[in-house]
Participant: 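This is the structure I have questions about; it appears just below.
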Amino acid sequence: MARKALMAPPEKGQVTDAQIKEIVVNILRFKEAEMDWWLKYLEINTGLDNLTDYIFYPDFLGLDPQASLGEIADKIIADRK
């Protein structure tokens with residue numbers, strides 16, 4: 001909790017498709033506070049307010065329930081606004 005409090009809030013920036021893919025492929029390696037920060041960062045930078053569904057419930061978005069993180073990243077990139 002303390003670590004999360006010390007982290008600056010995520011901001012909108014120029015994020016490339018490769019950067020989105022890198023974040024998504026590694027998202028589950030982060031500790032909870034860092035994961036929350038990166039999920040919020042991706043929400044802000046993709047315009048997808050249901051980003052956690054992509055990661056944790058890919059079948060809600062038409063993907064296979066066992067979709068790889070690479071496949072999920074590709075879907076996020078395709079759907080970003």
Side-chain angles (χ1 to χ4, degrees):
M1 186 63 95
R3 179 179 217 146
K4 188 174 183 177
L6 295 174
M7 295 173 75
E11 296 179 3
K12 181 127 176 97
Q14 297 295 322
V15 181
T16 66
D17 292 352
Q19 289 169 319
I20 291 171
K21 191 160 197 159
E22 179 73 20
I23 294 166
V24 173
V25 167
N26 291 297
I27 197 83
L28 297 178
R29 295 182 184 162
F30 296 114
K31 294 187 187 301
E32 184 179 349
E34 292 167 323
M35 184 187 299
D36 290 346
W37 190 93
W38 284 110
L39 288 169
K40 188 64 175 171
Y41 177 84
L42 287 172
E43 283 180 5
I44 291 168
N45 284 285
T46 62
L48 301 172
D49 60 356
N50 61 337
L51 197 87
T52 55
D53 289 347
Y54 284 81
I55 306 293
F56 299 109
Y57 308 104
D59 53 317
F60 288 8
L61 300 151
L63 292 171
D64 184 283
Q66 301 301 317
S68 72
L69 289 171
E71 293 169 319
I72 292 167
D74 291 339
K75 176 78 170 146
I76 290 170
I77 291 164
D79 291 353
R80 76 193 251 188
K81 300 173 184 172

Participant: Yes or no on side-chain contact (heavy atoms from CB on, under 4.5 Å) for Trp38 and Asn26, after CA distance, side-chain angles and deciding distance?
Facilitator: CA-CA 10 Å; Trp38 284 110; Asn26 291 297; over 6 Å; no

Participant: Measuring from atom OG1 of Thr52 to atom CE of Met35, what distance do you get when rounded to the nearest 0.5 angstrom?
Facilitator: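 Going from the OG1 atom of Thr52 to the CE atom of Met35 covers 11.0 Å.
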
Participant: The criterion is side chain to side chain contact (heavy atoms under 4.5 Å, CB included); which residues satisfy it with Ile44, sequence neighbours excluded?
Facilitator: Pro10, Lys12, Lys40

Participant: Does some side-chain heavy atom of Leu61 sit less than 4.5 Å from a side-chain heavy atom of Asn50?
Facilitator: yes

Participant: For residues Ile55 and Ile72, determine if any side-chain heavy atom of one lies less than 4.5 Å from a side-chain heavy atom of the other.
Facilitator: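 The answer is yes, as the side chains (C-beta and beyond) meet within the 4.5 Å cut-off.
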
Participant: Are any of the side-chain heavy atoms of Val24 and Tyr54 separated by less than 4.5 Å?
Facilitator: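 Not in contact.
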
Participant: Here's a test for you: under side chain to side chain contact (heavy atoms under 4.5 Å, CB included), which of Asp79, Asn45, Ile76 qualifies with Leu51?
Facilitator: Ile76

Participant: Please give me the minimum heavy-atom distance between Lys81 and Gly47, naming the atom from each residue.
Facilitator: CD-O, 3.4 Å

Participant: Under 4.5 Å between any side-chain heavy atoms of Leu69 and Lys21, yes or no?
Facilitator: no

Participant: Does a sphere of radius 6.0 Å around CZ in Phe56 hold more than 12 heavy atoms from other residues, nucleotides or ligands, not counting ones at 6.0 Å or beyond?
Facilitator: yes

Participant: Taking all non-hydrogen atoms of both residues into account, name the closest pair between Gln19 and Gln14 and its distance.
Facilitator: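 For Gln19 versus Gln14, the nearest heavy atoms are OE1-O, 3.7 Å.
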
Participant: Could you go through Leu48 and Leu42, starting from their C-alpha distance and side-chain angles, then the distance that decides it, and tell me whether this counts as side-chain contact (heavy atoms from CB on, under 4.5 Å)?
Facilitator: CA-CA 8 Å; Leu48 301 172; Leu42 287 172; over 6 Å; no

Participant: Mind checking the CG-CD spacing from Asp17 to Glu22? Nearest 0.5 Å is all I need.
Facilitator: 13.5 Å

Participant: For Pro58, run the side chain to side chain contact (heavy atoms under 4.5 Å, CB included) check against Asp64, Asp53, Leu63 and tell me which one passes.
Facilitator: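 Of the listed residues Asp64, Asp53, Leu63, the side chain to side chain contact (heavy atoms under 4.5 Å, CB included) partner of Pro58 is Leu63.
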
Participant: Is Phe30 linked to Tyr41 within one hydrophobic cluster, defined over Ile, Leu, Val, Met, Phe, Trp and Tyr using a side-chain heavy-atom separation of less than 4.5 Å?
Facilitator: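 Yes, it is one cluster - the side chains of Phe30 and Tyr41 are joined through contacts under 4.5 Å.
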
